[in-house]
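Step one of this worksheet: look at the structure below.
First listed ligand is number 1; within each ligand, the first listed atom is number 1. From a predicted model like this one, the values you see are computed outputs, not experimental measurements.
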Amino acid sequence: MVNSKILLGITGSIAAYKSVEIGRRLIDEGYSVQVVMTKSACNFITPLTLESVTGKPVLTDLFSDPFSHINLSKESSLLLIAPATANTINKLRCGIADDLLSNLWLTHEGPTLIAPAMNHRMYRHFSVQKSIKELQKLGVNFVGPVSGSLACGEEGEGRMADVSTIVEAAIAALTQKDLKGQHILVTAGPTLEAIDPVRFISNRSSGKMGYAIAKAALRRGAKVTLISGPTSQMPLEGVYFISVEKASEMETAVLKHLPKATAVIMAAAVADFAPAIINQSKITKNNISSITLKKTTDILKKTGKIKNKRILIGFAAETGKNIENAKAKLKEKNLDLIVLNDVTQKGAGFNVDTNIVTIIDRKGKVADYPLMKKIEVANVILDGLLEVRKRGNL
Ligand code: PMT
């Protein structure tokens, strides 16, 4: 992340307590967050709470440092105001600079993202609507508000958008849209192959790797179709999501959505075998000594045969750094890149937030990466995809 400091402005709304979580999540994503609070915001939460989360003094006073309103904006890449009250939004439109936050808005030259929060009648007031429209015309981005129950007990449009939506919008505002025009189909999670209505066989996978790829691609401006086996991952807003259970359903979904895809990345841990017969009722313990298995379709290999100009990226889950196995899979399945992860390494493979990967291309070039967060691994894979695209599928 180049110049990754975010100025988080907090104004006087009951939703101010959610800013703590916004700050924390942005820091988790690797951004540096500098909080600026208005006097009214300090009536709802204390600067100390935000200082504890960001590890930095919270700024509330225009005069404590005569140049803070200039220097802070120079150093920051995004001004995020969440929550933003009717008063603040109207002040921004008019350029009234009577506190540190409104001064920062006048000196800030990068993108601005505003998350309004107020009573629904205030939100509908012509002055607020006019301000929002004019600010939007100037290129200011808005996220929310949404409809729902408000702090005053009334229902209507005025609730601040969800924390996740605001965090994603902030990251999207800072991310180069280098995948615009691409439509990426991603597979994630395990598949479950039923033995009977109660039991199944499956592969280990939390879906974290595949969902990270979908999230990173979306942030970089791609359209994303995510085909996922059963996981406990949070749904991703903005992604076209298809839920499947067994390998045959994943195969049908991949083939159905392949025509519109420009690239396919298969991170799913598809079960290689399924019971040959699915019992319609629960098998009693004493009536079973073995299960006959049949091979499932290799979806990646099948896709490799019909990929045309699409970029195809597969994973190799190996128990050991088996470069030769991964290279064989790349060739056999007609891939452009293969991402090898040794699932026996600490911090790599299933169920963890990190991974250690080696990426191999068609020419046999091998690139090793250190332990990284899965979202970082996802970005490295997407960089590789762009590289392949630039060179014309190698
Ligand atoms: O979900 P997480 O907990 O984050 O874990 C991530 C992961 C370890 C599952 C992921 O990083 C990973 O390695 N995914 C591939 C798992 C796998 O099935 O690997 P494989 O070497 O057996 O298969 C090779 C490739 O063929 C994979 O792209 C797989 O999606 C695909 N395949 C496999 C079998 C099959 N029947 N159809 C397929 O398309």
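- The shortest N or O to N or O distance between Val352 and ligand 1 is not below 3.5 Å.
- Not a single N or O atom of Thr187, backbone or side chain, sits closer than 3.5 Å to an N or O atom of ligand 1.
- Neither the backbone nor the side chain of Lys301 has a heavy atom within less than 4.0 Å of ligand 1.
- Here is the list of ligand 1 atoms found below 4.0 Å of a heavy atom in Thr296: 36 (N).
- Counting heavy atoms from C-beta on, the side chains of Val264 and Lys307 never come closer than 4.5 Å.
- Residues Tyr211 and Ser228 approach most closely at OH-OG, 3.0 Å, considering heavy atoms.
- There is a side-chain donor-acceptor pair under 3.5 Å between Ser164 and Arg25.
- Here is the list of ligand 1 atoms found below 4.0 Å of a heavy atom in Ala316: 21 (O).
- Neither the backbone nor the side chain of Glu318 has any atom closer than 4.0 Å to an atom of ligand 1 (non-hydrogen atoms only).
- With respect to Arg362, the side-chain contact (heavy atoms from CB on, under 4.5 Å) criterion is satisfied by exactly one of Asn334, Leu335, Val388, Leu337: Asn334.
- Short contacts between ligand 1 and Ala267, defined as distances under 4.0 Å to a heavy atom of the residue, involve ligand atoms 9 (C), 10 (C), 12 (C), 14 (N), 15 (C).
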Side-chain donor-acceptor pairs under 3.5 Å in residues 344-353, sequence neighbours left out?
unit_1, atom_1, unit_2, atom_2, d
Thr344, OG1, Asp342, OD1, 2.5
Thr344, OG1, Asp342, OD2, 3.4
Asp353, OD1, Lys208, NZ, 2.9

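- Residue pairs meeting the salt bridge (Lys or Arg N to Asp or Glu O under 4.0 Å) criterion with at least one partner in residues 260-282, sequence neighbours excluded, do not occur; the list is empty.
- Interface of Gly349 with ligand 1, defined as ligand atoms under 4.0 Å from a residue heavy atom, comprises 5 (O), 6 (C), 8 (C).
- At a 4.0 Å cut-off, not a single heavy atom of Met250 sits close enough to ligand 1 to count as contact.
- Looking from atom 21 (O) of ligand 1 to the surrounding protein, the closest heavy atom is Lys329 NZ, 2.5 Å.
- Residue Asp298 touches ligand 1 through backbone and side chain together, judged by heavy-atom distances below 4.0 Å.
- Considering backbone and side-chain atoms together, Asn203 places no N or O closer than 3.5 Å to any N or O of ligand 1.
- The nearest protein atom to atom 13 (O) of ligand 1, hydrogens excluded, is given as Asn341 ND2, 3.0 Å; this is a heavy-atom distance.
- The nearest heavy-atom contact from the protein to atom 34 (C) of ligand 1 is Asp272 OD1, 3.2 Å.
- Using modelled atom types, no side-chain atom of Thr165 and backbone atom of Ala161 make a donor-acceptor pair closer than 3.5 Å.
- The N/O atoms of Ala268, backbone and side chain alike, include one that comes under 3.5 Å of an N/O atom in ligand 1.
- Using modelled atom types and a 3.5 Å distance limit, the side chains of Ser40 and Asn43 yield no donor-acceptor pair.
- The protein heavy atom nearest to atom 28 (O) of ligand 1 is Met266 O, 2.8 Å.
- Ranking the protein heavy atoms by distance from atom 2 (P) of ligand 1 puts Ser206 OG, 3.3 Å first.
- With hydrogens and angles left out, the side-chain atoms of Thr49 and Thr46 include a donor and acceptor closer than 3.5 Å.
- Between the side chains of Thr38 and Asp99, no donor-acceptor pair is found at a separation under 3.5 Å.
- Between the side chains of Asn279 and Arg199, no donor-acceptor pair is found at a separation under 3.5 Å.
- Under the 4.5 Å side-chain heavy-atom criterion for grouping Ile, Leu, Val, Met, Phe, Trp and Tyr, Leu312 is not connected to Ile184 through any hydrophobic cluster.
- Under 3.5 Å, the side chains of His183 and Thr225 contain a donor-acceptor pair of N or O atoms.
- For atom 24 (C) of ligand 1, the closest non-hydrogen atom of the protein is Phe315 O, 2.8 Å.
- Summary of contacts: the protein heavy atom closest to atom 35 (C) of ligand 1 is Val270 CB, 3.5 Å.
- Listed by number with element, the atoms of ligand 1 under 4.0 angstrom from any heavy atom of Gly314 are 28 (O).
- Side-chain N/O atoms of Glu251 and Thr297 include a donor and acceptor closer than 3.5 Å.
- Protein heavy atom at the shortest distance from atom 37 (N) of ligand 1 is Ile299 N, 3.1 Å.
- Near Thr297, meaning under 4.0 Å from one of its heavy atoms, ligand 1 places the atoms 35 (C), 36 (N), 37 (N).
- Atoms of ligand 1 found under 4.0 Å from any heavy atom of Lys208 (numbered from 1 in listed order, with element): 1 (O), 2 (P), 4 (O).
- Each of Gln129, His125, Lys130 was compared with Ser127 under the side-chain hydrogen bond (donor to acceptor under 3.5 Å, both in side chains) criterion, and only His125 meets it.
- Each of the following atoms of ligand 1 lies closer than 4.0 Å to a heavy atom of Lys333: 24 (C), 25 (C), 26 (O).
- Any N or O atom pair closer than 3.5 Å counts here, and Leu300 shares at least one such pair with ligand 1.
- Here the shortest heavy-atom distance to atom 1 (O) of ligand 1, taken over Ser205, Ala326, Ala269, belongs to Ser205.
- Close to ligand 1: Lys374, with a non-hydrogen atom less than 4.0 angstrom away.
- Between Ser32 and Lys56, the side chains place a donor N or O and an acceptor N or O closer than 3.5 Å (distance only, hydrogens not considered).
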